[in-house]
Amino acid sequence: LGSALITRYNHNGQLTDLHAGIRVLQDSLDGTVEGSINMVLHYGNLGMGQLLLYRRTKDIYDLNDGIANLRMAVERCLDGSTDKSQFTVNLSSGLYQRYAALEDPADLREGTELLQPLFQTSPAESVSQNALIANLGIGSIYQFSETQNPNDLNNAMEFLRLAISTCPEG
């Protein structure tokens with residue numbers, strides 16, 4: 001139900017749907033027995049809902065909560081699972097958003113460090129591969145803003161070109 005409410009928010013933009021979806025996801029997480037396989041999905045979905053809320057409200061607490069919940073999802077996922085890859089890409093995105101808001105280089109570094117091993121080991125047909133490549137491009141743009149090193153900007157353009165070329169049709 002929480003994910004459905006958030007999907008409806010994405011369609012209609014009604015903040016009440018987003019708040020209700022987050023509340024349902026938090027209640028689901030709170031009612032889940034520690035160690036349950038569902039816990040990973042609850043953390044991940046709640047984290048994504050909180051990142052959406054941050055994009056709407058710009059309340060840094062929502063962003064921090066989203067990052068914390070996505071981190072919990074990643075830590076609880078089995079290595080090599082597609083969920084772990086997807087939640088890692090989402091966590092990186094949250095860290096990049098926080099870097100954009102607070103300009104803490106540690107967020108930029110961590111966001112990129114999370115993605116690099118995935119890029120090297122993720123199969124090309126992986127569901128999260130395109131988002132992974134795009135996030136590496138975004139991270140390289142932020143890195144350029146920190147360093148003013150043209151190589152960072154060149155890396156960004158290469159990652160973004162690759163993301164575009166691997167984007168599925170439609």
Side-chain angles (χ1 to χ4, degrees), residues 1-104 106-108 110-115 118-119 122 125-139 141-142 160 163 166-170:
L1 177 61
S3 294
L5 287 162
I6 290 173
T7 299
R8 189 166 74 181
Y9 161 77
N10 285 329
H11 178 70
N12 68 21
Q14 294 295 316
L15 197 53
T16 54
D17 285 334
L18 182 56
H19 281 293
I22 289 171
R23 197 168 33 258
V24 168
L25 290 170
Q26 183 66 61
D27 290 346
S28 296
L29 179 62
D30 293 343
T32 302
V33 176
E34 182 66 39
S36 166
I37 193 160
N38 293 327
M39 190 162 264
V40 169
L41 294 175
H42 291 323
Y43 274 118
N45 290 336
L46 179 59
M48 286 307 299
Q50 290 164 322
L51 292 186
L52 276 173
L53 184 59
Y54 167 74
R55 286 185 206 126
R56 178 78 180 261
T57 65
K58 299 301 183 202
D59 184 337
I60 200 71
Y61 294 106
D62 295 325
L63 180 57
N64 288 336
D65 288 346
I67 289 170
N69 283 311
L70 285 165
R71 191 180 307 280
M72 294 296 283
V74 169
E75 289 171 0
R76 285 174 159 72
C77 276
L78 296 174
D79 286 338
S81 75
T82 56
D83 285 339
K84 185 166 190 159
S85 295
Q86 187 61 52
F87 291 141
T88 301
V89 169
N90 294 339
L91 173 57
S92 174
S93 177
L95 289 163
Y96 287 159
Q97 288 176 60
R98 191 166 67 186
Y99 169 76
L102 303 177
E103 297 183 358
D104 182 352
D107 288 329
L108 177 59
E110 183 182 0
T112 301
E113 288 170 359
L114 285 167
L115 295 177
L118 282 179
F119 180 67
S122 180
E125 66 278 358
S126 166
V127 172
S128 59
Q129 181 72 6
N130 191 264
L132 169 80
I133 295 167
N135 275 7
L136 282 166
I138 292 165
I141 290 170
Y142 286 139
L160 293 171
T166 61
C167 193
E169 293 294 318

Of all heavy-atom pairs between [X] and [Y], which one has the smallest distance, and what is that distance?
X      : Y     : result
Gly111 : Ser92 : O-OG, 3.0 Å
Arg56  : Gly13 : NH1-O, 2.8 Å
Asn45  : Ser3  : ND2-OG, 3.6 Å
Gly94  : Ile67 : O-CD1, 3.5 Å
Arg55  : Ser93 : NH2-OG, 4.3 Å
Tyr54  : Asp59 : CD1-O, 3.2 Å

Roughly how far apart are [X] [atom1] and [Y] [atom2], rounded to 0.5 Å?
X      : Y     : atom1 : atom2 : value
Leu52  : Leu63 : CG    : CG    : 11.5 Å
Leu95  : Leu51 : CG    : CG    : 9.0 Å
Leu53  : Leu18 : CG    : CG    : 5.0 Å
Leu29  : Asn38 : CG    : CG    : 10.5 Å
Leu108 : Tyr99 : CG    : OH    : 5.5 Å
Ser36  : Leu41 : OG    : CG    : 9.0 Å

Side chains of Asp30 and His42 in contact at under 4.5 Å (non-hydrogen atoms):
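Asp30 does not reach His42 side chain to side chain.
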
Qualifying residue for side chain to side chain donor-acceptor pair (under 3.5 Å) with Gln86, from Thr88, Asn90, Asp83
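Of the listed options, the one satisfying the test is Asn90.
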
Enumerate donor-acceptor pairs with a distance under 3.5 Å from any side-chain N or O in residues 70-78 to protein atoms, sequence neighbours excluded.
| from | atom 1 | to | atom 2 | distance (Å) |
| --- | --- | --- | --- | --- |
| Arg71 | NH1 | Glu110 | OE2 | 2.4 |
| Arg71 | NH2 | Glu110 | OE2 | 3.4 |
| Arg76 | NH2 | Glu34 | OE2 | 2.8 |

Can you see whether Phe87 has Lys84 sitting over its ring - NZ or CZ less than 6.0 Å from the centre and within 45° of the normal?
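Not satisfied by the 6.0 Å and 45° rule.
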
Please say which of Val24, Asp27, Leu25 ends up in a side-chain contact (heavy atoms from CB on, under 4.5 Å) with Leu1.
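Only one of Val24, Asp27, Leu25 forms a side-chain contact (heavy atoms from CB on, under 4.5 Å) with Leu1, namely Val24.
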
Indicate yes or no: does Arg98 engage Asp104 in a salt bridge with an N to O separation below 4.0 Å.
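No, this pair does not count.
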
Applying salt bridge (Lys or Arg N to Asp or Glu O under 4.0 Å), can you list everything that pairs with Asp17, at least two apart in sequence or on another chain?
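By the salt bridge (Lys or Arg N to Asp or Glu O under 4.0 Å) rule, Asp17 matches Arg8.
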
Could you go step by step and tell me if Leu91 and Tyr96 meet the side chain to side chain contact (heavy atoms under 4.5 Å, CB included) rule?
CA-CA 9 Å; Leu91 173 57; Tyr96 287 159; over 6 Å; no

Between Thr112 and Tyr142, is there a side-chain donor-acceptor contact under 3.5 Å, judged purely by atom types and distance?
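No, no side-chain donor-acceptor contact under 3.5 Å.
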
